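Note sheet for the following structure.
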Amino acid sequence: MFVKRNLIIITLICLVFLTLEPFSLFAAEDHRMLVTKANEVMLAMLLDKDTKVMGGLLKEAEGVAIFPSVIKAGLVFGGRYGHGIVLKRDRQKGIWYGPHFVSISGASWGFQIGFQETALVMVIMNERGMKGFTGDKVTLGGDIAIAAGPVGRQTGVGTDGGFKAEIYNYSRSKGLFAGVSLEGSIIATDNEANEKFWGGLVSVESILNRRSRDRKVESLVRTINKFITEYSQLKNGLI
C-alpha cells in the first residue's frame, strides 16, 4: 500500500511538470505575445475596483513585473511555472524602461490539491527589490521581501507600515487551489527571450536602461500610467 501510494504521488509530480512544459515553450517562442498578454492583465485589473489602489504603489515604484499566466498544480507535492516581463521606472522622469524577460518557478510541499492558472503583478518598490531582478536568479521571500498588495479604493497605501516590502503582489486566478504562496519561488532571467526581443545578447542592466519603441510595449506603458493617473484622480476626489 505504501509503495502504491508513493507511485501515485511520483506519477502526479511527473504529470505536473509535463503539464507545465508546453507553457514554457510557448512563452519562450512568442515573447511579443507575452507583452500583449501582460497588457491584457493590467487592463483587466484597471477595471477592477479592488486593485485601483495599485496605482498609488506604481506611482512610487522602481519597477513592475507582470506574469500573465503562471500555472500551478499539485497533490501534496506541487509545482509552479510561468513567464513574465519586468519594466524599470525612472521616478523623476516617469519613464519606463525594458522589457526584461523572466521566468518564475518553484516547488512546494504541504496541504495543496488542484490546478490553478494565475496572473501575477509584482510592484517593485525600491532599488534593492529592483536589483533582485538584474541577476540570474532571485528567491521571493528569501532574497527579497514580498507582501500581498493592498486592495480597495483607499487613498493611503501600504499593508505593512509604508512600503517596507521590496515587492507587493497582486493576482487574478482561474481554477481551484488550496495552499497558494509565492514564498520560495525563483525568478530567473530568460536569456533566450531577451535575445529575440532585443536582437542580440544584451546585459540585463543595459535592457533596464533602454526605452523600447515596440508598439505593444508602448501600449502596456500607457495602461500602467493610466493606473497612476486614475489613482491620482481618486485621491483628489475627481472620480
Side-chain angles (χ1 to χ4, degrees), residues 13-14 16-31 34-35 37-38 41 61-74 77-89 96-110 112 116-149 164-171 179-198 200-210 212:
I13 293 172
C14 292
V16 166
F17 287 101
L18 283 173
T19 301
L20 299 181
E21 183 63 21
F23 289 90
S24 168
L25 291 174
F26 173 80
E29 291 174 358
D30 200 348
H31 48 280
L34 193 63
V35 178
K37 294 294 183 183
V41 167
E62 289 282 337
V64 63
I66 307 167
F67 298 83
S69 177
V70 177
I71 305 299
K72 183 175 182 179
F77 288 105
R80 173 189 291 112
Y81 197 84
H83 281 263
I85 62 173
V86 177
L87 298 175
K88 180 181 177 181
R89 184 168 183 258
W96 293 88
Y97 299 103
H100 164 44
F101 291 84
V102 294
S103 66
I104 184 171
S105 62
S108 56
W109 163 267
Q112 51 188 328
Q116 186 180 53
E117 180 182 9
T118 304
L120 300 175
V121 176
M122 302 180 191
V123 185
I124 306 165
M125 296 307 304
N126 53 37
E127 187 176 351
R128 184 174 184 274
M130 198 68 224
K131 283 184 176 178
F133 286 86
T134 63
D136 291 333
K137 291 182 180 179
V138 64
T139 302
L140 299 179
D143 299 323
I144 50 178
I146 183 168
K164 289 184 179 180
E166 271 81 38
I167 297 173
Y168 286 95
N169 176 57
Y170 290 86
S171 64
V180 176
S181 174
L182 292 179
E183 298 288 328
S185 296
I186 296 173
I187 306 294
T189 294
D190 187 339
N191 291 311
E192 182 181 354
N194 279 331
E195 286 185 33
K196 286 181 177 179
F197 183 88
W198 294 102
L201 185 61
V202 185
S203 69
V204 177
E205 289 81 2
S206 179
I207 288 173
L208 292 176
N209 283 287
R210 289 188 179 190
S212 174

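Keep in mind that what you see is a predicted model, and the values were worked out from it rather than measured.
- Using a 4.5 Å cut-off on side-chain heavy atoms (C-beta onward), Phe67 and Ile187 make contact.
- Here the OG atom belonging to Ser185 is positioned 5.5 Å from the CG atom belonging to Leu140, to the nearest 0.5 angstrom.
- Of the possible polar contacts, one joining the Asn194 side chain to the Phe101 backbone as a donor-acceptor pair under 3.5 Å is found.
- In this structure, Glu117 and Ile71 approach most closely via the heavy-atom pair CG-CD1, 3.6 Å.
- Each of Val86, Val121, Ile85 was checked for a side-chain contact (heavy atoms from CB on, under 4.5 Å) with Val64, and the lone residue meeting it is Val121.
- Taking the side chain as every heavy atom from C-beta outward, Ile167 and Phe133 approach each other to under 4.5 Å.
- The line from CD1 of Ile104 to NE2 of His83 is 11.0 Å long, rounded to the nearest 0.5 Å.
- Partners of Ser206 by side chain to side chain donor-acceptor pair (under 3.5 Å), not counting sequence neighbours, listed by chain and number: Arg210.
- The minimum heavy-atom distance between Val123 and Ala61, with the atom names listed, is CG1-CB, 3.6 Å.
- Closest approach of Tyr81 to Ser105, counting heavy atoms only: CD1-CB, 3.6 Å.
- With a 4.5 Å cut-off on side-chain heavy atoms, Trp198 and Pro99 count as touching.
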Apply side-chain contact (heavy atoms from CB on, under 4.5 Å) to Asp190 and Val102, showing your working. CA-CA 5 Å; Asp190 187 339; Val102 294; 5.6 Å; no
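- In this structure the side chain of Asn209 reaches within 4.5 angstrom of the side chain of Lys88, judged on heavy atoms.
- Remark: Glu195 CD is packed, more than 12 non-hydrogen atoms of other residues, nucleotides or ligands lying under 6.0 Å away.
- Closest heavy-atom contact between Ala145 and Glu166: N-OE1, 2.8 Å.
- Taking all atoms of both residues into account, the shortest heavy-atom contact from Ala165 to Met125 is O-CB, 3.8 Å.
- To the nearest 0.5 Å, the span separating CG on Leu34 from CD1 on Ile66 amounts to 9.5 Å.
- Met122 is not listed as a side-chain neighbour of Ile144, based on a closest heavy-atom distance of 4.5 Å or more.
- With rounding to the nearest 0.5 angstrom, the CD1 atom of Ile146 is 11.0 Å from the OH atom of Tyr168.
- Shortest non-hydrogen contact noted between Leu208 and His100 is CD2-CB, 3.7 Å.
- No side-chain heavy atom of Ser212 sits under 4.5 Å from any side-chain heavy atom of Trp96.
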